[in-house]
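Notes to accompany the following structure.
Side-chain atoms are counted along with the backbone in the values below, which use heavy atoms only and exclude waters and symmetry mates.
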Amino acid sequence: MPHNAGKVHCRTFIIALILGFSLAMGACASNKAGLKSPELPARHWLDEAPGVPVENKRKLDAALPNLYDPSKSFDFEECVFLTIQQSPLLVNSAVDIEIKRVALTDAVWKYLPEPRMTFTVTNNMTRYNMDEQDTPGDYGRTKVRVGFEAVFPNPVATYFEHKVQQIMLNLAISTHRKAVGEAIYNIAQAYLRLQARRDILAAQKEMLPLSREMISYWQQVESVDGRQGVALNLARQSQREQELTVEKTGMQEVMERTRLKMLAGVDAQQRFNVDTSDANDILAGFDGKALKWEDRWQATEDDLLLRAQVKLADYNILVAWAQYIPNLTLKINNEPPAGQYQTPHGEEDTFIHFVFDFPLLDWGRRYRGVQTARMQKAQAFHDMARKRGDYSNQWLEAEQSVDLARTEMQLQKTRFETAEMQYKEARIAFNEGTTELPEVVNRRESMVAAHIAFIQAELEYKLAQLKWMYVANVLQERFLGLPAKEFM
């Protein structure tokens, strides 16, 4: 009896210890639940920028240190790396990579069984055998049993689920690279527009001295001829209109710079000097006519993503087939099987149980899972064929847009050259005294208008080329390199 009493006291102590530990863990969980969620760092959304080649890491890290230097002026390349570092447009895809990394780690740990500890508290609801001769001394008393069990995961399903998570992580990185490529494209568009806006502003400012010259001219003429001042008022009104036009273009330039700040993740109120002198270098060396869309399709992230989707569907089929494998559970407890019961006054034994669990009839659930996975693979395969056809159409559309924009630019250039010749002719006639200054100014206004139309047409041509360059993945390749050949 003293021996049994010691066992009871030991079990009571263990139960009290476990209950106290459970309460402590609950209190910790409650305290953690009240903490503020961690925020992403302001400098970079990730510990490392995925998908950026090693040779560009130095440029990537150098994009931020002198961001707040008032004398700093960002060129196109620096602005691109600044965008990769901190643009809010890339947050979702970057964080999704971290989520997939955690999922991959979780898939690796699924190779191991999950040990569990069980506590069983047992007591008699009825005591029909209390008066029997061989009744144990602890009959009718509360018993506490401690047991252990470990459910072994399906090894085949776990292996292919691990492969699936590896592909999902690579898909997330490729998707992030695609988002970065789109951000680079948007930055390039903003740079070309900003440069064109500055050229238009410079052309419009050329008219301001002529407006003042026209006012002086009509002042002299009206003082001599004694006119009513109608021409002078019109000249002043024209000057005011040109000043407002210059102011409007200046505001449009500021808006383009603000849009560039938003793309790069810079505060809109912060000074952000941009050097657009290298804007024309963005398109340097690109010749879409020398490329074939079949070759460039294989160099795009979309082709890699779609091929990975087909491979992912293959793994999903194998995961579905693996559901036919029975489950294995290992249990260690004091519950004896039939024929191995404890004797009335004996010591309790500990038993080990291997339990194989598989259904005799699942009503076709596993088979339907396999069929669903097969149909999803068929969808992925046909989606790849459809996207390839869409890419061919995008390539043709981009090529035709470049041809149309080139023709329009040549037309506007011809009109500008004609207007320039007419202005020079009027200027020569004015110097020879055969024409009046108003005619010269009118010709100059026509020339400036033709020049602005040419700048806008040239911008559209450059934007069409840039889109073709983006579709061909040449623009993204400059900063990100080529995508992976295959996902393992």
*Can any side-chain N or O of Asn154 pair as donor or acceptor with the backbone N or O of Ala157 at less than 3.5 Å?*
yes
*Is the Tyr315 ring parallel, tilted or perpendicular to the Phe160 ring (thresholds 30°, 60°)?*
tilted
*For the pair Glu399 and Lys289, find out whether any cationic side-chain nitrogen is under 4.0 Å from an anionic carboxylate oxygen.*
yes
_Partner of Ser211 under side-chain contact (heavy atoms from CB on, under 4.5 Å), chosen from Arg236, Gln239, Arg240_ = Gln239
_Side-chain donor or acceptor of Asn327 paired with backbone N/O of Phe358 under 3.5 Å_ = no
*Does any N or O in the side chain of Gln323 come within less than 3.5 Å of the main-chain N or O of Val319, such that one atom is a donor and the other an acceptor?*
yes
*Determine, stepwise, if the pair Glu432 / Arg427 fulfils salt bridge (Lys or Arg N to Asp or Glu O under 4.0 Å).*
CA-CA 9 Å; Glu432 293 176 351; Arg427 195 73 185 179; over 6 Å; no
*Could you walk me through whether Arg406 and Asp403 pass salt bridge (Lys or Arg N to Asp or Glu O under 4.0 Å), step by step?*
CA-CA 5 Å; Arg406 182 189 294 111; Asp403 292 338; 3.0 Å; yes
*Between the main-chain N or O of Glu182 and the side-chain N or O of Asn186, is there a donor-acceptor pair closer than 3.5 Å?*
yes
*Any donor-acceptor N or O pair under 3.5 Å, side chains Tyr185, Gln189*: yes
*For Lys261, which residues count as a salt bridge (charged side-chain N to carboxylate O under 4.0 Å, His left out) partner, sequence neighbours excluded?*
none
*Can Asn316 and Lys377 be counted as having a side-chain donor-acceptor contact under 3.5 angstrom?*
no
*Heavy-atom neighbours of Phe286 CZ exceed 12 at 6.0 Å*: yes
*Would you say Thr175's side chain and Leu171's backbone share a donor-acceptor pair under 3.5 angstrom?*
yes
*Kindly indicate, with the supporting measurements, whether the criterion side-chain contact (heavy atoms from CB on, under 4.5 Å) is fulfilled by Met447 and Phe416.*
CA-CA 6 Å; Met447 186 190 73; Phe416 169 58; 3.9 Å; yes
_Closer than 4.0 angstrom, basic N to acidic O: yes or no for Arg386 and Asp383?_
yes
*How far apart are the C-alpha atoms of Glu477 and Arg296, what are their side-chain angles, what is the distance that settles it, and do they pass the side-chain contact (heavy atoms from CB on, under 4.5 Å) test?*
CA-CA 11 Å; Glu477 183 180 334; Arg296 295 312 302 175; 2.9 Å; yes
*Residues Glu253, Arg197: salt bridge by 4.0 Å N-O rule*: no
_Euclidean distance, Leu480 CG relative to Ile84 CD1, rounded to 0.5 Å_ = 5.5 Å
_Quick one: does any side-chain atom of Arg177 pair with a main-chain N or O of Gln476 as donor and acceptor, under 3.5 Å?_
no
*Is it true that Glu114 and Arg116 have a side-chain N and a carboxylate O under 4.0 angstrom from each other?*
yes
*Is the backbone N or O of Asn442 less than 3.5 Å from a side-chain atom of Ser446, with the two atoms forming a donor-acceptor pair by type?*
yes
*asked:* What I want to find out is whether Lys387 reaches Asp302 closely enough, with some N-O distance under 4.0 Å, to be called a salt bridge.
replied: no
*Is it true that a side-chain atom of Arg257 and a backbone atom of Val274 form a donor plus acceptor pair closer than 3.5 Å?*
no
*Determine, using ring centers only, whether Trp297 and Trp395 are less than 6.0 Å apart.*
no
*Of the non-hydrogen atoms in Pro113 and Phe152, which two are nearest, and what is the gap between them?*
CG-CE2, 3.8 Å
*Is the cationic atom of Arg444 (NZ for Lys, CZ for Arg) positioned less than 6.0 Å from the six-membered ring centroid of Tyr423 and within 45 degrees of its normal?*
yes
*Are Glu301 and Ser174 close enough that a side-chain donor and a side-chain acceptor fall under 3.5 Å?*
yes
*Is there a donor-acceptor contact under 3.5 Å from the side chain of Thr434 to the main chain of Ala429?*
yes
_Parallel, tilted or perpendicular, as decided by the 30° and 60° cut-offs, for the rings of His451 and Phe454_ = parallel
*Is the closest side-chain donor-acceptor distance between Gln412 and Glu458 under 3.5 Å?*
no
_Salt bridge check, Arg443 against Glu439: does any charged N sit closer than 4.0 Å to a carboxylate O?_
yes
_Ala299 backbone acceptor or donor facing Asp303 side chain under 3.5 Å_ = no
